Amino acid sequence: MPAHLLPVSRRRFLAVSASAIAGLGHSDLLGSDSQVNPNSWALISDTHLLSQRSIDQHYDNNRTAMEKRATLVATNFERAARQVLASAERPAGLVLSGDCVHVGGKEEYELLARKLKLLDTIPIHLAMGNHDHRDNFSNVFREQTQSDDRLLLENRHVSVLKSQHANLVLLDSLTMQTPDRPVKGPGRLGKEQLAWFEAVLDSESDKPAVVVLHHNVNPSDEYRQHTGQENFIVPSADPFRGFTGGLEDTDRFLALLHARPHVKAVVFGHMHQFQIFKSRNVFFVSMPPVGYTFGPKEAVGWIRMLLKDNGATLEVQTLDTKHVRHQKRVDLRWS
Ligand SMILES: [Fe+2]
C-alpha cells in the first residue's frame with residue numbers, strides 16, 4: 001500500500017480523477033488549488049515520535065531521559081509543522097522519509113496521526129524507516145489513506161509522485177527481523193523492490209527522477225573503485241558519521257541509478273546529519289532530522305525543495321531560526 005494521506009478536498013479530486021492514475025498506480029498530485037506551488041515540496045525526516053506506552057514497555061531503566069526525548073520530538077514536530085504552514089506558498093506535498101515514530105507501536109502511529117492533523121491541508125507521503133513498523137502503520141492509517149491506492153508491491157510501501165519537473169519515487173528500505181520486530185539498524189530494498197524500481201525508472205524516463213528512501217547509501221569499496229569517492233558539496237556540521245548501518249544492497253541500487261541518467265537525486269534520512277554529496281552525476285541529500293540530532297553542531301529542521309526544469313533549489317529550514325544554516329540555499333543543477 002502506498003502511504004499517502006491526502007487532505008479531504010484532494011481525496012475528492014483524486015476520486016474523480018482515478019482514470020488519470022497510470023498503470024503502475026502512480027499518483028498525479030497536481031491539483032487546481034491556486035495557493036499551492038506545485039513545484040514546492042516539504043521534505044522532513046526522522047521525526048521519531050515516542051509514546052508513553054513505548055517508554056513504559058521498553059525504557060524502564062532510562063525513563064527520565066526518554067520522557068524528555070518524547071517531549072522534545074513532539075515539540076519539534078509541531079515547530080516543523082508550523083514552519084511548513086507558514087510558508088508563503090503551500091507545498092504540493094510533504095514527504096516524511098522514515099523513522100516517523102521511535103519504537104513502532106500502534107499507539108505511536110495514533111500519536112503521529114494526531115500530529116499530522118496540524119498539516120491536514122497538505123498531502124502527506126510517508127516512507128518507512130528502521131524505527132517504523134509497516135503493519136502497525138497500515139492498521140492505524142488504513143482509514144485515512146487514499147482509497148484509490150492499489151497494491152504496488154507486496155509488503156512494501158512504495159509510490160511514485162508525479163509532478164511537472166520531476167517524478168518522486170518513494171522506496172521502502174525497512175526490514176523486519178520478525179513480523180513484529182523491525183531491524184533497528186541497516187535496511188534493505190530486496191530483489192523484488194529493486195525489480196519494481198527498475199521497471200518504474202524505465203517506464204518514467206521522460207522526466208528527471210528524485211528518489212526518496214530512509215537509509216543512506218553505503219557502497220562497497222569495490223563499487224567505489226568504479227565510481228570514485230563522493231564529492232561533498234555541503235559537508236556535515238559535525239564530523240561525518242560514516243555510511244555504516246545504511247542500505248545493505250546499496251551496490252545494486254546504485255548500479256540501477258548510475259545506469260539511468262534521468263535519476264538526478266537521492267534523498268535519505270537515517271544519519272540525522274544534513275549533508276549533500278555527489279557521486280557521478282547524482283546528488284545525494286542526507287536529511288536533517290526533525291526529532292533529534294546526534295551531534296552538537298547539527299540542527300534539527302527540514303528542507304524546502306523547489307523543483308525546476310533543470311534542477312532543484314533546496315532551502316534548509318532549521319527549527320532554530322538563528323542557526324547558521326537556517327535558510328541556507330543550495331542549487332542543484334542537473335547534468
Ligand atoms: Fe532516525
Side-chain angles (χ1 to χ4, degrees), residues 3 42-51 54-55 58-59 62 65-81 94-105 108-109 111-112 115-116 124-134 136-137 156-157 170-177 181-189 211-218 236-248 250 266-276 284-303 316-319:
L43 304 178
I44 76 172
S45 195
D46 294 273
T47 44
H48 284 265
L49 289 173
L50 176 60
S51 67
S54 292
I55 296 170
H58 300 279
Y59 296 106
N62 201 11
M66 293 313 278
E67 283 177 349
K68 260 186 169 172
R69 167 78 62 83
T71 303
L72 173 74
V73 296
T75 305
N76 285 353
F77 192 105
E78 289 163 17
R79 291 171 72 195
L94 178 146
V95 179
L96 200 178
S97 51
D99 283 0
C100 309
V101 301
H102 194 66
V103 174
E108 288 188 337
Y109 289 106
L111 175 61
L112 176 64
K115 295 287 180 206
L116 286 175
I124 312 279
H125 312 279
L126 300 147
M128 297 286 99
N130 54 300
H131 283 257
D132 286 303
H133 189 293
R134 210 173 275 114
N136 286 342
F137 166 81
R156 297 279 190 166
H157 294 319
L170 273 58
L171 299 178
D172 178 345
S173 55
L174 165 62
T175 46
M176 301 292 285
Q177 215 165 60
R181 190 180 158 87
V183 172
K184 300 288 188 194
R188 176 172 278 272
L189 295 170
V211 183
V212 182
L213 77 167
H214 179 69
H215 286 85
N216 58 276
V217 291
N218 182 20
S236 52
D238 283 309
F240 175 48
R241 298 182 65 227
F243 292 130
T244 309
L247 193 67
E248 289 179 334
T250 290
V266 178
V267 175
F268 54 82
H270 192 54
M271 299 183 77
H272 291 222
Q273 186 165 52
F274 171 61
Q275 59 195 335
I276 302 176
F284 291 81
V285 180
S286 174
M287 288 289 298
V290 167
Y292 55 90
T293 59
F294 292 123
K297 291 186 187 163
E298 301 291 339
V300 283
W302 57 284
I303 289 178
V316 181
Q317 305 292 321
T318 60
L319 302 188

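What's counted below: heavy atoms across the whole structure, side chains too, no hydrogens, waters or symmetry copies. Just so it is clear, the model here is predicted, and its values are computed rather than measured. Whatever order the structure lists ligands and atoms in, that order sets their numbers, starting from 1.
Distance check: S97 OG to H270 NE2 gives 11.5 Å after rounding to the nearest 0.5 Å.
Taking the six-membered ring where the residue is Trp, H272 and Y292 present tilted rings, their angle falling between 30° and 60°. Ring geometry for H48 against H102 counts as tilted: the plane angle lies between 30° and 60°, on a 0 to 90° scale.
Two residues are said to be in side-chain contact when any heavy atoms from C-beta on lie closer than 4.5 Å; M128 and F137 meet this criterion.
Residue contacts to the Fe ion (ligand 1): H48 brings an N, O or S atom closer than 2.8 Å.
Shortest distance from the Fe ion (ligand 1) to D99 is reached at OD2 (N/O/S atoms only).
For H272 atom NE2 and D46 atom OD1, the angle they make at the Fe ion (ligand 1) is roughly 90°, to 10 degrees.
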